[in-house]
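Counting from 1, the numbers follow the sequence of the chain as shown.
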Amino acid sequence: MPSLMPPPVREDQQLDAVRREVRGFLAEQVAAGAFEPAVDSWLSGWDVGFTRSLAERGWLGMTVPTEYGGHGRTFLERFVVTEELLAAGAPVAAHWISDRQVAPNLLRFGSERLKREYLPRIVTGEVFFAIGMSEPDSGSDLAGVRTRAERVDGGWRVRGTKLWTSGAHVADAFIALVRTSPPGEERHDGLSQLLVRLDSPGVEIRPVISANGSHHFNEVHLDEVVVPDDHVVGEIGAGWHQVTSELAFERSGPERFLSTYQLAKALVGSLEPAEAGRITGRLAGLHQMSLSIAAALQRGERADVPAALVKVLGTVLEGDIAELADLATPSGETGDVAALTRRAVQQRPGFTLRGGTNEILRGVIARGLGMR
């Protein structure tokens, strides 16, 4: 049977020093009231000021080469920084998509023009991206996207709708997966990626309000939006290959098991020792798995199957933490833990949906094991 995970990695003194530096900064920020630790802050904690304070310390665009304004550091160093930010419940949503997957995608597939135009501004926290993948009728079935782009003089005219685009109402752009030609023998043939400026004529952003009244999701309607040729990402028709590469960055990170970490930390002391041990052990195991994938990405290896495994196990854990906290919190309870619990319970349905449903990802894992 093929191995599902890359080899394990041990953190060295250099990584430990980075971790301690970030922890010190975050402790100072919390003490100064710069932010209040929250659940799911990487999705809804949009704070441009905080993002730029990270940029000033070199904690954005860490793996972007220096020739594009980045810092040329390792994926492991970036992992340590992002893990500490997530564990602290810091408001990192403004730059999250840009730094996590847009920058690696542009580095791998973008033209020199796109790299020069966007990467330096991602690094400084001056440009922000959303994700343009999901659609109303396709969900996690990205091969079924209906947004179409047709060739026009000097570019592409785009028609269609993207859904669940977190932060689109405050972002500058997204990379949209679109159909540029009919499917061939495979359903995912004929897909391409276009970088769409969200202030372009024909873009309409409609808010999707969550049951708790919060707004971070959006529906983005594209009505005859013209995207110039120099904003094609990679090759026309190669969109599926590019997206599956990008999803390894989206699905494998520590946000897939640390969205409820602030709640877990507050909850563990009140649990039975065996239950507390199980939660702690699962968190520790996922930390090691996600760290090993960061090392694999550093080596340029494909990591879509291990990323799917981390996403499934991590989001199930996040839901379990929310459920345990809900059971342990009396009705009408007030205070910080009760507030974190309410937020986790409200967000719980999304844990296993975003980034691809766990049902779809179990299929990815099965194929990786040669079972289907």
Side-chain angles (χ1 to χ4, degrees), residues 18-64 66 68-71 73 77-104 106 117-131 165-175 197-199 205 207 209-210 212-218 249-250 253-255 258-263 265 336 339-340 343 347 354:
V18 173
R19 192 178 291 281
R20 285 187 279 108
E21 181 184 2
V22 179
R23 282 186 184 176
F25 164 77
L26 291 169
E28 292 172 0
Q29 292 289 298
V30 172
F35 71 89
E36 184 175 342
V39 164
D40 229 19
S41 59
W42 67 271
L43 183 68
S44 55
W46 193 284
D47 186 333
V48 171
F50 185 80
T51 281
R52 289 181 178 158
S53 71
L54 298 178
E56 291 169 0
R57 288 162 176 79
W59 294 337
L60 258 62
M62 293 180 68
T63 61
V64 173
T66 55
Y68 299 116
H71 304 287
R73 300 180 75 171
E77 288 174 300
R78 182 187 177 277
F79 176 91
V80 165
V81 172
T82 57
E83 190 173 52
E84 289 300 320
L85 291 169
L86 291 163
V92 295
H95 67 269
W96 198 256
I97 303 304
S98 309
D99 191 61
R100 178 184 71 181
Q101 64 200 91
V102 173
L106 290 179
E117 182 172 354
Y118 289 102
L119 289 175
R121 291 191 290 157
I122 289 174
V123 173
T124 55
E126 296 177 74
V127 66
F128 306 105
F129 281 79
I131 296 176
T165 49
S166 296
H169 59 300
V170 281
D172 300 292
F174 66 16
I175 295 179
R197 297 284 310 188
L198 293 175
D199 59 358
I205 299 173
I209 307 301
S210 300
N212 63 2
S214 65
H215 171 212
H216 51 83
F217 289 130
N218 300 274
F249 293 95
E250 179 181 353
E255 68 270 29
L258 291 179
S259 296
T260 54
Y261 183 78
Q262 281 292 312
L263 178 58
K265 187 170 70 170
D336 292 343
L340 289 170
R343 173 67 175 168
Q347 292 296 101
R354 60 202 186 199

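Annotation: the span from Leu340 atom CG to Glu36 atom CD amounts to 8.0 Å, rounded to 0.5 Å. The CD1 atom of Ile209 lies 5.0 Å from the NE2 atom of His215; values are rounded to the nearest 0.5 Å. Remark: Trp46 CH2 to His95 NE2 distance equals 10.5 Å, nearest 0.5 Å. Summarising the geometry, atom CD belonging to Gln29 is positioned 8.0 Å from atom CG belonging to Leu54; distances are rounded to the nearest 0.5 Å. Going from atom CG of Leu43 over to atom OG of Ser259 covers 8.0 Å, rounded to the nearest 0.5 Å.
Considering Arg343, His216, Gln347 as possible partners of Asp40, the one that fulfils the side chain to side chain donor-acceptor pair (under 3.5 Å) test is Gln347.
Taking the side chain as every heavy atom from C-beta outward, Gln101 and Ile131 approach each other to under 4.5 Å. Between Ile97 and Val102, the closest side-chain pair of non-hydrogen atoms falls below 4.5 Å. Side-chain contact between Leu119 and Leu106 is present, with heavy atoms from C-beta onward closer than 4.5 Å. Counting only heavy atoms from C-beta outward, the side chains of Leu258 and Glu83 approach each other to under 4.5 Å. Considering only heavy atoms from C-beta on, Glu84 comes within 4.5 Å of Leu26 through its side chain.
Looking only at distances, a side-chain donor or acceptor of Asp47 sits under 3.5 Å from a matching main-chain atom of Phe50. A donor-acceptor contact shorter than 3.5 Å is absent between the side chain of Glu255 and the backbone of Trp42. Not one N or O on the side chain of Ser44 forms a donor-acceptor pair closer than 3.5 Å with the backbone of Ser41. With hydrogens and angles ignored, the 3.5 Å screen pairs a side-chain donor or acceptor of Asp172 with a backbone N or O of Phe128. Checked by atom type and distance alone, the side chain of Thr51 never pairs as donor or acceptor with a backbone atom of Val48 at under 3.5 Å.
Closest non-hydrogen pair, Phe79 versus Pro254, comes out as CE1-CD, 3.8 Å. Closest heavy-atom contact between Trp96 and Thr82: CH2-CB, 3.9 Å. Pairing each heavy atom of Ala130 with each of Phe174, the nearest pair is O-CB, 3.2 Å. Closest approach of Pro37 and Gln262 over heavy atoms only: CB-OE1, 3.4 Å. Taking all atoms of both residues into account, the shortest heavy-atom contact from Gly125 to Ala55 is N-CB, 4.4 Å. Residue Thr66 comes nearest to His71 through the heavy atom pair CG2-C, 4.1 Å, listed as atom of the first residue, atom of the second, then distance.
No donor-acceptor contact under 3.5 angstrom links the side chains of Asn218 and Thr165, judged on distance only.
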Derivation of the salt bridge (Lys or Arg N to Asp or Glu O under 4.0 Å) call for Arg57 and Glu21: CA-CA 10 Å; Arg57 288 162 176 79; Glu21 181 184 2; over 6 Å; no
Steps toward side chain to side chain contact (heavy atoms under 4.5 Å, CB included) verdict (Val81, Val18): CA-CA 7 Å; Val81 172; Val18 173; 3.8 Å; yes
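Crowding of Phe35 atom CZ: a count of heavy atoms from other residues, nucleotides or ligands under 6.0 Å exceeding 12.
With ring centers used as reference points, Phe129 lies under 6.0 Å from Tyr118.
A salt bridge links Arg78 to Asp99: at least one charged side-chain nitrogen sits closer than 4.0 Å to a carboxylate oxygen. The pair Arg52-Glu126 does not meet the salt-bridge criterion, since no charged nitrogen lies less than 4.0 angstrom from a carboxylate oxygen.
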